Amino acid sequence: MRGRHTTTPNTKIRLFFVDAAFLAMTTFAITANAQVNQQGQTELTAPLEPLRPGVTAIQIFDELLAHNALRAATLVNYTAFRTYQVVDLNGKVHAEEVGQMEYRAPDQKKFVVTSEKGSVLVRRLALHALIASEIETTAGKQHHDSAISPANYSLDLLGEQQVGPYHCFVAQAIPKRGDKYLFEGKVWIDTDDYAVVRIEGHPAKKLSFWIQRADFVRQYQKIDNFWLPQRDMTFVDVRLYGKKVLTIDHHDYSVNLSVAIDGSIEKTESF
């Protein structure tokens, strides 16, 4: 007679597939800083315009790296609410995690869960792993050079395009090596701030045997002169498990807060 905690062979196999697939998916999602487009992602409708004269890939790289350095020097802290979901192509939510992410420069993040629902297994393997990986990466416990920089990418400039309220240079990002932490796809860079507005593509190297396909889109927004994530979508096709979409919505930001002696935080003026 089987005990109540006995797991059948078929269940064990399925749990292994889910474990392997979601761990691979979340590893790419956090390290590549980009996620996916497929179902539910609004396509860009503005036409691609000719590139203005004199703009070069080297200039864009230089300005982009300078912007990133300024952000690192001036972003003291922020808080934001996040909603993580794993859904199927019919929109059914399999797992959801909602909470507040707090960042303090240079390397501290803390996530406080406010609500959760759906599959405990998927939350544990996908969402909890994703959040923990982000916190560890920020603290320097994991390091993968995935920056959009000349060391990792070549840029083929395609033109200019409007992305919501932002006018952008559009470039094909070509990875310089087959690395699962890099991506192959397109990047949109604001023509005034030289900040990344949107990224879409797929990993430069196959994530695992279980991930048959992975595509992503990440959209950024400008908050108090800082460019911060707005919405991520990661579309994956997992062997024996089907097609799933991981979404992350980032909202209700408060940027550069004053920190009291007791550790509490309140809003102050941004630079």
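Along the sequence shown, the residues carry numbers beginning at 1. All values below come from the heavy atoms of this structure, side chains included, with hydrogens, waters and symmetry mates left out. This structure is a prediction, so every number in the text was calculated from the model and none was measured.
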State yes or no: do V197 and L158 share one hydrophobic cluster built from I, L, V, M, F, W and Y residues joined by side-chain heavy-atom distances below 4.5 Å, directly or via other members?
yes
When you measure from the side chain of N90 to the backbone N and O of K92, does any donor-acceptor pair fall under 3.5 Å?
no
Could you tell me whether the side chain of N77 and the main chain of L257 form a donor-acceptor pair under 3.5 Å?
yes
Under a 4.0 Å N-O cut-off, is there an ion pair linking R52 with E160?
yes
Please check if the side chain of T137 supplies one atom and the backbone of S133 the other of a donor-acceptor pair under 3.5 Å.
yes
Can you establish whether the number of heavy atoms outside K176 located under 6.0 Å from its atom NZ is more than 12?
yes
For the side chain of Q161 and the backbone of A46, is there at least one donor-acceptor N/O pair under 3.5 Å apart?
yes
Checking side-chain contact (heavy atoms from CB on, under 4.5 Å) for the pair I60/L157: CA distance, chi angles, key distance, verdict?
CA-CA 10 Å; I60 289 180; L157 301 182; 3.6 Å; yes
Check: Q162/H167 side-chain N/O donor and acceptor closer than 3.5 Å
yes
Ring centres under 6.0 angstrom apart (Y103, Y253)
no
Hydrophobic cluster membership, with links at side-chain heavy-atom distances under 4.5 Å among I/L/V/M/F/W/Y: are I174 and V170 in one?
no
Quick one: does any side-chain atom of N256 pair with a main-chain N or O of V76 as donor and acceptor, under 3.5 Å?
yes
Polar contact flag, side-chain donor to acceptor under 3.5 angstrom, Q219-R198:
yes
Ring geometry between F216 and F183 (parallel below 30°, tilted from 30 to 60°, perpendicular above 60°)
perpendicular
Does the distance from a Lys or Arg side-chain N to an Asp or Glu carboxylate O, for E184 and K205, drop under 4.0 Å?
no
Salt bridge E97-R123, side-chain N to carboxylate O under 4.0 Å:
yes
Quick one, T234 with T247, criterion side-chain contact (heavy atoms from CB on, under 4.5 Å). Give me CA distance, side-chain angles, the key distance, then yes/no.
CA-CA 6 Å; T234 305; T247 66; over 6 Å; no
Without hydrogens or angle criteria, can the side chains of N152 and D145 be said to hold a donor-acceptor pair below 3.5 Å?
yes
Test V236 against V245 for side-chain contact (heavy atoms from CB on, under 4.5 Å), laying out the working first.
CA-CA 6 Å; V236 291; V245 183; over 6 Å; no
H250 and D232: side chain donor to acceptor below 3.5 Å
yes
Checking ring pair (Phe, Tyr, Trp, His ring centres under 6.0 Å) between F169 and each of W188, F61, Y194, which is the one that passes?
Y194
Distance-only, no hydrogens or angles: does the D224 side chain make a donor-acceptor pair with backbone N or O of F226 under 3.5 Å?
no
Salt bridge (charged side-chain N to carboxylate O under 4.0 Å, His left out), that's the test. Do K109 and E134 meet it? Break it down for me.
CA-CA 8 Å; K109 280 187 177 180; E134 178 177 352; 2.5 Å; yes
Between D193 and K222, does any side-chain N to carboxylate O distance fall below 4.0 Å?
yes
Can you hop from I248 to V113 via hydrophobic side chains spaced under 4.5 Å?
yes
Is there a continuous path of hydrophobic side-chain contacts, each under 4.5 Å between heavy atoms, that joins L44 to L51?
yes
Check whether T114 reaches the backbone of V98 with its side chain - one donor and one acceptor, N or O, closer than 3.5 Å.
yes
